[in-house]
2 protein chains.
Amino acid sequence: MLTRSEEDHIKAVYALLQEGESAFTKDIAERLRTKASSVTDMLKKLSGKSLLKHEPYYGAKLTAKGQAIALQLVRRHRLWETFLVERLGFGWDEVHEVAEQMEHVANEKLIDKLDEYLGHPHFDPHGDPIPDKQGKLRTRKTKRLNTCKPGESVRIAAVSETTDGLLRLLDAKGLRIGTTLSVQDVHAFDGSMDIKPQRGSAFSLSKDVIHHLQVENA
Amino acid sequence: MLTRSEEDHIKAVYALLQEGESAFTKDIAERLRTKASSVTDMLKKLSGKSLLKHEPYYGAKLTAKGQAIALQLVRRHRLWETFLVERLGFGWDEVHEVAEQMEHVANEKLIDKLDEYLGHPHFDPHGDPIPDKQGKLRTRKTKRLNTCKPGESVRIAAVSETTDGLLRLLDAKGLRIGTTLSVQDVHAFDGSMDIKPQRGSAFSLSKDVIHHLQVENA
DNA sequence: AAAATAAATTAGGGACGCCTAAAAAACGAT
DNA sequence: ATCGTTTTTTAGGCGTCCCTAATTTATTTT
Ligand SMILES: [Mn+2]
Ligand SMILES: [Mn+2]
Ligand SMILES: [Mn+2]
Ligand SMILES: [Mn+2]
């Protein structure tokens with residue numbers, strides 16, 4: 001049985017490995033709002049449990065066993081987020097912290113039944129894929145909105161590296177998962193983009209917003 | 001913010017105070033499957049936080065503050081149990097351990113929304129009352145089935161001091177919350193009782209079972 | 001009232017998860 | 001190649017929560 005702290009470290013390593021070759025001490029510490037020395041301690045401990053390989057000074061990578069655990073945690077987190085939004089009526093900007101706690105409730109039957117209750121969803125409220133019981137992720141070909149050219153028509157598939165503030169801004173602009181929009185203009189000066197949702201009139205989005213939007217062709 | 005262990009100790013004290021004047025170290029330890037010396041440590045700590053009063057050698061009583069916390073914990077525990085049984089389809093003998101973990105997820109909005117989602121239930125799957133947001137408990141006048149006399153007709157209101165084995169036995173006999181039955185005979189020899197459910201034929205229940213059944217007049 | 005027993009507390013210690021400060025290693029820029 | 005900066009590790013320590021063993025207090029028996 002893993003502790004909450006062990007689980008959070010494994011999840012942080014997993015997330016960082018999505019971005020790069022190796023998960024570095026500093027980045028793990030930053031994610032978990034802890035100190036590098038604490039992370040080193042934990043990497044040693046998890047390494048001893050064969051959940052990851054720690055190459056001192058060169059970061060950590062998950063073992064197959066560690067990755068399987070990470071995927072289960074991601075599964076739990078995203079299923080609970082889905083439950084909170086779809087059943088309890090939480091806003092998509094309110095669920096992360098709660099799911100961060102709920103993901104540590106360890107009971108296989110609970111997650112199986114929750115998954116079934118929700119109708120085996122493939123994506124969470126932020127558009128992130130939910131691993132199935134075997135840890136398999138549904139992949140899609142998406143690109144970031146900032147890479148799109150004027151004239152393109154796309155659908156919002158996910159919001160990446162979400163923060164509550166970003167999600168509230170999107171809410172305020174009426175943008176959500178599934179919203180279809182066309183790119184009207186891109187301004188080189190500030191990297192902003194003029195877009196027009198399928199329903200509603202056009203408006204502008206800053207560079208800071210558009211690179212968080214993962215879109216797929218409409 | 002309280003730790004899981006602190007919360008479990010408060011809940012144990014609360015439960016024991018339902019039975020007696022004071023909650024004793026030994027009984028708390030037994031409930032939490034820990035040692036008396038560990039309990040003493042924790043009682044000191046909680047006493048320092050003004051959540052209970054510890055009279056060395058004479059047990060502990062909750063303060064108003066401690067009792068309010070205990071009631072919120074009981075509320076969370078029983079709401080999650082209700083969710084697990086009514087929404088996820090768990091058996092009433094399977095939910096205690098899971099709820100024991102979920103009750104420690106601390107988020108007021110979560111519990112408010114869960115309560116609403118479940119339709120503000122007043123009783124959990126075992127017939128135990130669910131405190132409302134203010135900690136108020138609905139009281140009923142119930143008695144234990146072993147105190148009933150032949151000829152009485154009663155309804156099962158709750159199962160007290162539940163264990164999974166007891167609940168499975170009741171399941172097997174078709175007895176659940178709300179079942180109406182009449183007392184046919186009581187055998188002084190072994191304390192067993194012959195009962196007849198409203199629908200179905202009569203059978204016998206052992207002393208060990210009937211004193212766990214809280215009933216109200218049908 | 002003394003002895004035996006039961007219950008609770010104190011003393012001391014281990015594992016864990018976190019910290020700060022110091023030392024070591026790696027990296028980037030000249 | 002060396003210097004300064006950044007990153008990581010190591011060393012040492014603290015609070016929590018748990019334990020066993022020893023001691024103290026309370027209760028029950030004789
Ligand atoms: Mn978490
Ligand atoms: Mn999410
Ligand atoms: Mn608990
Ligand atoms: Mn219950």
>> Rounded to whole Å, please give me the gap between NZ in A/Lys45 and P in C/dA15.
In response: 12 Å

>> Do B/Asp208 and B/Ser206 pair up side chain to side chain, a donor and an acceptor below 3.5 Å, judged on atom types alone?
In response: no

> Taking the six-membered ring for Trp, are the ring centroids of A/His96 and A/His77 within less than 6.0 Å of each other?
Replying inline: yes

> Taking NZ from B/Lys35 and C1' from C/dG12, how many angstroms apart are they, rounded to a whole number?
Replying inline: 18 Å

> Between C/dG17 atom P and A/His104 atom NE2, what is the distance in whole Å?
Replying inline: 12 Å

> Which listed nucleotide (D/dC18, D/dT16, C/dG17) is nearest to the side chain of B/Thr3?
Replying inline: D/dT16

>> Please classify the nucleic acid contact of B/Thr40 as base, sugar-phosphate, or nothing, using heavy-atom distances under 4.0 Å.
In response: base

> A/Tyr117 vs B/Phe83 aromatic rings, parallel, tilted or perpendicular, using cut-offs 30° and 60°?
Replying inline: perpendicular

> What is the distance, rounded to the nearest whole Å, between atom CE of A/Met1 and atom P of C/dC16?
Replying inline: 15 Å

> On a plain distance test, is the side chain of A/Asp41 in donor-acceptor contact with the base of C/dC16 below 3.5 Å?
Replying inline: no

>> Just the rounded figure in Å: distance from C1' of C/dT9 to CG of B/Leu43.
In response: 11 Å

> Taking only N and O in the side chain of A/His54, is any of them less than 4.0 Å away from OP1 or OP2 of D/dT9?
Replying inline: yes

> Reckon A/Thr25 has a side-chain N or O less than 4.0 Å from the OP1 or OP2 of D/dT7?
Replying inline: no

> Over how many whole Å does the gap from B/Ile28 atom CD1 to C/dA8 atom C1' extend?
Replying inline: 11 Å

> Considering the options B/Leu110, B/Ile111, B/Asp112, which one meets the side-chain contact (heavy atoms from CB on, under 4.5 Å) requirement together with B/Glu108?
Replying inline: B/Asp112

> Considering only C/dC19, D/dT8, D/dC19, which nucleotide approaches the side chain of A/Phe24 most closely?
Replying inline: D/dT8

>> Can you tell me whether the side chain of A/Ser37 and the base of D/dT8 have a donor-acceptor pair closer than 3.5 Å?
In response: no

> With a 4.0 Å cut-off, would you call A/Glu152 and A/Lys143 a salt bridge?
Replying inline: yes

> What nucleotide among D/dC19, C/dA8, D/dT9 has an atom nearest to a side-chain atom of B/Lys26?
Replying inline: C/dA8

> Has A/Lys44 got a side-chain N or O lying under 4.0 Å from the OP1 or OP2 atom of D/dT10?
Replying inline: yes

>> Using whole Å, what does the distance between atom P of nucleotide D/dT24 and atom OH of B/Tyr57 come to?
In response: 9 Å

> Is A/Thr34 near enough to C/dC19 that one of its side-chain N or O atoms lies under 4.0 angstrom from OP1 or OP2?
Replying inline: yes

>> Just the rounded figure in Å: distance from P of C/dG17 to CG of A/Asp8.
In response: 11 Å

